[in-house]
Amino acid sequence: QVQLVESGGGLVQPGGSLRLSCAASGSIFSIDTMDWYRQAPGKQRELVAAITSGGNINYADSVKGRFTISRDNAKNTVYLQMNSLEPEDTAVYYCKADKVKVTIFRTMFNVWGQGTQVTVSS
């Protein structure tokens with residue numbers, strides 16, 4: 001019953017910016033960590049950024065200084081601001097909720113969104 005819905009992907013020129021959003025819907029008490037992954041054609045899915053409920057953040061080395069992850073706990077939404085985009089950033093971007101407490105007795109783990117395409121090309 002918990003679903004992650006992404007938005008904000010698209011086509012952008014090198015050096016441009018995009019802002020991705022991922023909103024978790026359903027009966028949710030809390031979400032521990034939310035993450036952004038990406039997968040380019042022929043490549044493994046890789047972690048881009050992660051943010052805990054307390055605001056602790058990790059970035060992949062390839063995006064440090066260019067991407068910013070943030071979240072709105074009241075909206076159960078995670079964002080990824082992507083600046084100075086490069087062709088190498090082209091991939092399908094997925095959001096993930098690591099641990100979702102849906103009731104006092106039930107927790108869901110590793111809930112994935114369907115992904116959104118980001119294409120960086122001139």
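Note that the structure is predicted; figures quoted are calculated from it, not measured. Side-chain atoms are counted along with the backbone in the values below, which use heavy atoms only and exclude waters and symmetry mates.
- With a 6.0 Å cutoff to the six-membered ring centre and a 45° limit on the axis angle, R38 does not count as a cation-pi contact of Y94.
- Between K96 and N110 the shortest side-chain heavy-atom distance falls below 4.5 Å.
- The minimum heavy-atom distance linking T33 with A50 is given by the pair CG2-CB, 4.2 Å.
- When every heavy atom of L4 is checked against every heavy atom of A24, the shortest pair comes out as CD1-CB, 3.8 Å.
- Pairing each heavy atom of A91 with each of A40, the nearest pair is CB-N, 3.8 Å.
- To the nearest 0.5 Å, the span separating NZ on K75 from OG on S25 amounts to 15.0 Å.
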Could you go through V12 and T119, starting from their C-alpha distance and side-chain angles, then the distance that decides it, and tell me whether this counts as side-chain contact (heavy atoms from CB on, under 4.5 Å)?
CA-CA 6 Å; V12 65; T119 302; over 6 Å; no

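- Between the Q13 side chain and the S121 main chain, no donor and acceptor come within less than 3.5 Å of each other.
- Y79 has its side chain out of reach of R71: every pair of non-hydrogen atoms, C-beta onward, lies at least 4.5 Å apart.
- The shortest side-chain heavy-atom distance between V102 and S27 does not fall under the 4.5 Å cut-off.
- Note that OH of Y59 is 4.5 Å distant from OG1 of T68, once rounded to the nearest 0.5 Å.
- Taking the side chain as every heavy atom from C-beta outward, N83 and F67 never approach each other to under 4.5 Å.
- Annotation: side chain of D89 is not in contact with side chain of V118 (no heavy-atom distance under 4.5 Å).
- Atom OG1 in T52 sits 12.5 Å away from atom CD1 in I31 (nearest 0.5 Å).
- The hydrophobic cluster containing Y37 does not contain M82, counting ILVMFWY residues as joined when their side-chain heavy atoms lie under 4.5 angstrom apart, directly or transitively.
- Judged purely by distance below 3.5 Å, without hydrogens or angles, the side chains of T77 and D72 never pair a donor atom with an acceptor atom.
- The OG1 atom of T103 sits 6.5 Å away from atom CZ of F29, with the distance rounded to the nearest 0.5 Å.
- Using modelled atom types and a 3.5 Å distance limit, the side chains of S84 and E86 yield no donor-acceptor pair.
- Interatomic distance, CE of M108 versus NZ of K99, reported as 14.0 Å (0.5 Å rounding).
- A single hydrophobic cluster is not seen to contain both L85 and V92; linkage of ILVMFWY side chains at heavy-atom distances under 4.5 Å, directly or through other members, places them apart.
- One finds the SG atom of C22 at 14.5 Å from the OH atom of Y93 (value rounded to the nearest 0.5 Å).
- In the displayed structure, Q81 atom CD is contacted under 6.0 Å by more than 12 heavy atoms of other residues, nucleotides or ligands.
- Of all heavy-atom pairs spanning Q117 and T90, the tightest one is NE2-CG2, 4.0 Å.
- Looking at heavy atoms from C-beta onward, S30 lies out of side-chain contact with S53 at the 4.5 angstrom threshold.
- No chain of hydrophobic side-chain contacts below 4.5 Å, direct or via other Ile, Leu, Val, Met, Phe, Trp or Tyr residues, connects L47 to L80.
- Side-chain contact between V111 and Q3: absent, with no pair of heavy atoms (C-beta onward) separated by less than 4.5 Å.
- Contact check for V100 versus T107: no side-chain heavy atoms found under the 4.5 Å cut-off.
- Residues I57 and V63 are members of one and the same hydrophobic cluster, defined by side-chain heavy-atom contacts under 4.5 angstrom among Ile, Leu, Val, Met, Phe, Trp and Tyr.
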